[in-house]
Amino acid sequence: MAHQGTIDLRSDTVTRPTAEMRKAMAEAEVGDDVFGDDPTVNSLQERAAELLNKEAGLFVPTGSMGNQVSLGAVSRPGDEVICESDAHFLHYEGGSVAAHLGLVARTVKGSQGVFTSGQIALMIRKGSEHNPRTAVVAIENTHNAAGGGVFPIEEARAISKVCRDEGVAMHIDGARIFNAQAATGTPVAEWAACADTVTFCFSKGLGAPVGSMVVGSSEVIKEARRLRKRLGGGMRQVGVIAAAARVALETGPDRLTEDHANARRLAEGLAERFPGAVDPASVQTNMIYLDLAPIGMSGTELSARLAKEGIVTLGGPWPTMRLVTHRDVTAQDVERVLQVFASL
Ligand code: TLP
């Protein structure tokens, strides 16, 4: 359990709302958002759509629901979604694409989470009645299981072209798309231009306590809104949450470069202490996947040792351990973590 005073490296989801967010929440103008009456939500949706240069936005409770309503809005049960073999929604969202959408997930092996337009061109079904219909291709940017790697914009554009030529939709699980923007300088709208739907999260590096957004055409968002209701995600006076998300959207993106610098520094220090445990050059954003073999400890043991020093990590019977930097991890905290690792 993390508490005040500890350094929590489990995820960028762990940040607590800032004073500015709490003030905005307390003062938020609200209405019933299922009736479309919440001015704070409406304004957040419009702002998100503007930033990503799409017609409309839809506020959803979680990134998982964002992925579901996005994929569902462009498919029918029995259709196929093509995704990377380590896609978040495939492994960590409770089988939702199968259970709730009735989709067949067909995977493509990427390199560091990145697959190519050539691979996709070979996979898209050509309309035989024997096959599921390929409805949508999904990319993840940044890619969680691939260590926060950015999906290169050129490749996203090439995939988008293949999809459009074949009449297949494209979705971006952009839970951390603002990290991709911070790492490359490529505006989020450039990635969004490739896709029919984009999900991004306020509750990760941007630092809000709750909430995600889906953006797309008005037509797609109308359908996504119907699916949100079906899944039980129609919320009422939710402006109290959207207000914090708004602060996160306005203040979060520029700050992410700090998290990236902290992750890089952490990786450099760890690589010095334990050669081979991590290649600092591979750290593009705010995540590190530490190879535990050079450290000579299981994840469970390492996690327990770190916890004694007030450093919270996700340790388990896995060969790697993910460390994530975020707003509540300072450069000083990173030095403290490195001291603890040095003493192991
Ligand atoms: N990822 C979380 C947990 O699942 C582990 C994390 O700590 O990284 N897409 C991507 C790429 C994600 O990383 C996540 C969450 C989601 C979607 C789902 O978001 P939520 O948790 O809001 O449903």
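Both ligands and their constituent atoms are indexed starting at 1 by order of listing.
The protein heavy-atom contact nearest to atom 20 (P) of ligand 1 is G63 N, 3.5 Å. Considering only non-hydrogen protein atoms, atom 1 (N) of ligand 1 sits nearest to H88 NE2, 3.1 Å. Closest to atom 23 (O) of ligand 1 among all protein heavy atoms lies S64 OG, 2.6 Å. The protein heavy-atom contact nearest to atom 9 (N) of ligand 1 is D173 OD2, 2.7 Å.
Considering backbone and side-chain N/O of R322, one or more are found under 3.5 Å from N/O of ligand 1. Between S11 and ligand 1, at least one pair of N/O atoms sits closer than 3.5 Å. Among the atoms of T13, none of the N or O lies under 3.5 angstrom from an N or O of ligand 1.
A donor-acceptor contact shorter than 3.5 Å is absent between the side chain of H260 and the backbone of M287. R125 contributes no side-chain N or O that, together with a main-chain N or O of A135, makes up a donor-acceptor pair within less than 3.5 Å. Distance alone, capped at 3.5 Å, places no donor-acceptor pair between the D8 side chain and the V14 backbone. Looking at T330, its side chain does come within 3.5 Å of a backbone N or O of D333 through a donor-acceptor pair.
For the residue pair N144 and R322, a side-chain donor N or O sits within less than 3.5 Å of a side-chain acceptor on the partner.
Looking at N144 against ligand 1, only its side chain comes within 4.0 Å, counting heavy atoms. Contacts between H91 and ligand 1, counted as non-hydrogen atom pairs separated by less than 4.0 Å, are absent for every part of the residue.
For atom 19 (O) of ligand 1, the choice among K204, E93, Q68, R10 with the nearest heavy atom turns out to be K204. Considering H143, E140, M65, M287 only, the shortest heavy-atom separation from atom 11 (C) of ligand 1 involves E140.
In the vicinity of R176, heavy-atom distances shorter than 4.0 Å reach the ligand 1 atoms 6 (C), 8 (O), 12 (C), 13 (O).
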Notebook entry, point to check: Are D79 and R133 close enough, and set up right, to give a salt bridge (Lys or Arg N to Asp or Glu O under 4.0 Å), and what steps lead you there?
Noted result: CA-CA 5 Å; D79 284 352; R133 193 176 64 105; 2.6 Å; yes
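Classified by interplanar angle (parallel below 30°, tilted 30° to 60°, perpendicular above 60°), the ring pair F59/F202 is tilted.
By the 4.0 Å N-to-carboxylate-O rule, D33 lies close enough to R228 to be salt-bridged with it.
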